[in-house]
Protein chains: 2
Amino acid sequence: MLPERFSAKNFDVAQIRSSCATCSLRELCLPVGLNDEEVETLGEVIVHKRKIQRGGYLHRTGAKFQALYAVRSGFLKTCVLEEDGRQQVTGFHMTGELLGLDAISTDMHTCDAVALEDSEVCEIPFSKLEDISRTIPSLMHHFHKIMSREIVRDHGIMLLLGSMKAEERLASFLLNMSRRFAIRGYSGTDFNLRMTREEIGSYLGLKLETVSRAFSRLQEDAIITVNNKHVKILNLERLKIKMGNSSCVT
Amino acid sequence: MLPERFSAKNFDVAQIRSSCATCSLRELCLPVGLNDEEVETLGEVIVHKRKIQRGGYLHRTGAKFQALYAVRSGFLKTCVLEEDGRQQVTGFHMTGELLGLDAISTDMHTCDAVALEDSEVCEIPFSKLEDISRTIPSLMHHFHKIMSREIVRDHGIMLLLGSMKAEERLASFLLNMSRRFAIRGYSGTDFNLRMTREEIGSYLGLKLETVSRAFSRLQEDAIITVNNKHVKILNLERLKIKMGNSSCVT
DNA sequence: CGCCTTTTTGATAGCCGTCAAATTTCGTGG
DNA sequence: CCACGAAATTTGACGGCTATCAAAAAGGCG
């Protein structure tokens with residue numbers, strides 16, 4: 001059915017399907033630590049990427065769980081909704097990060113995942129991932145590490161929500177963003193936030209006005225400059241001091 | 001070397017080592033959903049239980065990760081320490097629950113685990129668990145569910161810490177305790193808390209005085225009675241209303 | 001260019017943290 | 001078994017941080 005030029009001879013099928021092998025995120029994402037052959041195997045079960053435009057949903061609370069998603073490009077948030085309409089943002093997700101881990105427990109997604117800018121994700125059917133991880137121990141182990149890392153991250157946020165005040169929370173948040181941008185090759189001191197003050201506030205357990213005031217305070221102290229969503233970190237060290245010496249939120 | 005009566009012929013070795021097969025927690029713990037043969041296999045890798053007396057440490061932050069622990073009896077807390085001495089309790093752990101999941105990510109424990117009463121745990125060497133889970137798909141899947149459930153639980157606590165006020169947090173906490181006691185066959189409306197007001201406060205992001213006041217308030221409203229660590233829930237429905245209609249913390 | 005959303009900033013109120021002291025409970029040793 | 005001291009709990013008074021309400025300014029999208 002496919003035209004001649006797409007036959008296996010001329011075109012690597014694995015690359016059509018997912019191209020883990022050639023993906024620039026190979027060192028950030030699920031394939032970390034796998035050899036070429038193993039990456040190939042993994043790539044074969046991953047469904048071609050799916051696009052979500054800004055504001056669109058990757059999945060909604062209650063939807064049947066079938067696949068994990070790896071962020072290929074873009075930026076997403078996950079949030080749990082309360083009956084009274086309030087939402088709590090549980091995370092922001094950048095390239096190479098895995099979404100949907102919460103859904104394994106009940107076979108249903110327990111949160112909404114919304115794209116904050118046009119995004120692409122790779123779809124990883126979970127049952128297939130479990131299948132092949134039986135034959136690739138390093139993949140299984142790495143997957144366990146990813147889940148564990150999510151737990152550690154959540155504990156860090158619990159610490160933040162349970163014991164920091166507004167300015168410390170924001171400093172912690174900015175340092176976290178900074179580090180994650182830097183890992184991906186972007187500037188860790190000059191970046192654009194994709195989320196609103198309200199979303200930051202929801203994530204940090206603060207009201208949007210409080211977030212705004214905390215931004216202004218950090219700017220008055222000449223630690224950062226803020227112009228709407230554009231943030232420049234002028235003094236990383238002092239930002240770390242503002243955060244307090246509490247355990248780093250990963 | 002062993003006296004005759006301990007030879008394999010007279011005594012089931014698997015039972016000496018761990019007795020998953022005969023453990024009363026089989027339906028709460030890691031073996032959920034396994035058949036007899038699989039439980040036997042699992043039981044063979046589990047190291048004989050270890051006792052921790054009240055106040056003792058199961059593990060400390062920074063300790064090398066080698067095994068997960070299943071609570072056999074007793075009650076423990078996990079907490080992360082900040083440099084300035086403050087501690088944030090990240091969880092309370094009852095029989096059948098698994099500890100150490102956070103340590104997989106870095107091969108080091110990221111929190112302290114302390115027994116709040118004399119406790120026993122089964123030690124599950126993690127590398128062996130991964131080995132046998134390759135041959136027992138249902139064990140692997142169940143393990144993934146357990147990790148995922150921990151993530152969902154943490155998200156629930158983030159919601160609590162980020163958006164509830166003191167009385168709602170305490171109500172939520174009491175309902176959670178109630179449910180977990182009930183699952184284990186104890187009364188869900190009449191129980192003794194094992195932790196101090198300070199530990200509850202740390203878990204809920206409140207100061208101990210605030211926890212005490214919230215207890216008093218619930219008692220004034222005739223929703224519960226409190227005598228020190230002894231709690232009776234007089235009106236479950238009204239306690240649920242106090243919590244607000246927010247998503248349940250698991 | 002104009003409308004709507006987002007952000008900023010101010011004023012005020014309320015919840016919770018802090019400090020303090022009294023009371024009860026618990027653990028240890030006599 | 002009782003007594004003593006340390007730890008935990010309760011309760012009050014007060015202050016500070018953040019939420020709330022409000023309005024103006026800035027930015028984004030059609």
Side-chain angles (χ1 to χ4, degrees), chain A residues 53-56 77 84-89 114 116-118 160-174 192-221 224-231 242 244, chain B residues 53-56 77 84-89 114-118 160-171 173-174 192-221 224-231 242 244:
Chain A
Q53 59 184 354
R54 181 178 168 181
K77 71 170 177 182
D84 54 18
R86 283 180 302 178
Q87 66 170 32
Q88 167 86 15
V89 173
V114 181
L116 296 182
E117 61 182 37
D118 292 355
L160 176 147
L161 292 170
S163 67
M164 291 187 185
K165 44 188 66 170
E167 215 170 315
E168 296 170 334
R169 294 185 199 192
L170 185 62
S172 181
F173 170 76
L174 289 174
N192 283 291
L193 297 171
R194 270 73 171 181
M195 69 293 282
T196 66
R197 298 287 186 267
E198 186 169 16
E199 287 162 336
I200 296 173
S202 173
Y203 183 63
L204 298 179
L206 302 168
K207 291 295 158 188
L208 67 94
E209 297 94 330
T210 306
V211 174
S212 179
R213 275 184 247 271
F215 266 120
S216 301
R217 199 108 54 86
L218 289 177
Q219 184 165 233
E220 282 167 26
D221 293 352
I224 64 172
T225 61
V226 205
N227 279 86
N228 221 328
K229 293 195 160 60
H230 183 94
V231 174
K242 279 283 177 187
Chain B
Q53 59 184 355
R54 180 178 169 180
K77 71 171 177 182
D84 54 17
R86 283 180 303 177
Q87 67 169 34
Q88 167 85 14
V89 174
V114 181
L116 296 182
E117 61 181 37
D118 292 354
L160 176 148
L161 293 171
S163 67
M164 289 186 186
K165 45 188 64 171
E167 217 171 315
E168 296 171 335
R169 295 185 199 193
L170 185 63
F173 169 76
L174 289 174
N192 283 292
L193 297 171
R194 270 72 171 181
M195 68 294 281
T196 66
R197 298 287 186 266
E198 187 169 19
E199 287 162 337
I200 296 173
S202 172
Y203 183 63
L204 298 178
L206 302 168
K207 291 295 158 187
L208 66 93
E209 296 94 331
T210 306
V211 174
S212 179
R213 275 184 248 273
F215 266 120
S216 300
R217 200 109 52 88
L218 289 177
Q219 185 165 235
E220 282 166 26
D221 292 352
I224 63 172
T225 61
V226 206
N227 279 86
N228 220 329
K229 293 196 161 59
H230 183 95
V231 174
K242 278 285 176 188

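Per chain, numbering begins at 1; letters A, B, ... match sequence-line order.
- Summarising the geometry, the separation between CD1 on B:Ile200 and P on D:dT9 is reported as 8 Å, rounded to the nearest angstrom.
- Distance B:Asn192 CG to C:dT25 P: 13 Å, rounded to the nearest Å.
- In this structure, the NZ atom of B:Lys165 is 16 Å from the P atom of C:dA13, given to the nearest Å.
- Across all their heavy atoms, B:Gln53 and B:Ala115 have their closest contact at O-CB, 3.8 Å.
- Partner of B:Glu198 under the side chain to side chain contact (heavy atoms under 4.5 Å, CB included) criterion, out of B:Leu208, B:Val211, B:Val89: B:Leu208 alone.
- Residue-level contact check: A:Gly201 touches neither bases nor backbone, having no heavy atom under 4.0 Å from any strand.
- Between the CG atom of A:Leu218 and the P atom of C:dT7 there is a distance of 16 Å, rounded to whole Å.
- Contact record, B:Glu167 with B:Asp221: OE2-OD2, 4.0 Å, taken as the closest heavy-atom pair.
- Between B:Arg197 atom CZ and C:dT25 atom C1' the separation is 12 Å, expressed in whole Å.
- Checking D:dC21, D:dG27, D:dA19 against the side-chain heavy atoms of A:Thr210 singles out D:dA19 as nearest.
- If you take CG of A:Leu208 and C1' of C:dG10, they are 15 Å apart, rounded to a whole angstrom.
- The nearest pair of heavy atoms linking A:Lys229 to A:Met195 is CE-O, 3.3 Å.
- Contact between B:Arg169 and B:Leu204 at its shortest, heavy atoms only, is NH1-O, 2.7 Å.
- In this structure, the NZ atom of A:Lys229 is 12 Å from the C1' atom of D:dA26, given to the nearest Å.
- When each of A:Val211 and A:Asn228 is assigned the nucleotide of DNA chain D bearing its nearest heavy atom, the one mapping closer to the 5' terminus is A:Val211.
- In this structure, A:Ser212 reaches the bases: a heavy-atom distance under 4.0 Å links it to at least one base atom across the strands shown.
- Positionally, the nearest nucleotide of DNA chain D for A:Arg217 lies more toward the 5' end than for the other of A:Arg217 and A:Asn227.
- Atom pair B:Lys207:NZ and C:dC16:C1' shows a separation of 11 Å (rounding to whole Å applied).
- With hydrogens and angles ignored, no donor-acceptor pair closer than 3.5 Å exists between the side chain of B:Arg213 and the base of C:dG17.
- Backbone-only contact: A:Arg54 has heavy atoms under 4.0 Å from sugar-phosphate atoms and none from a base.
- In this structure, A:Ser216 does not reach the C:dT8 phosphate: none of its side-chain N or O atoms is under 4.0 Å from OP1 or OP2.
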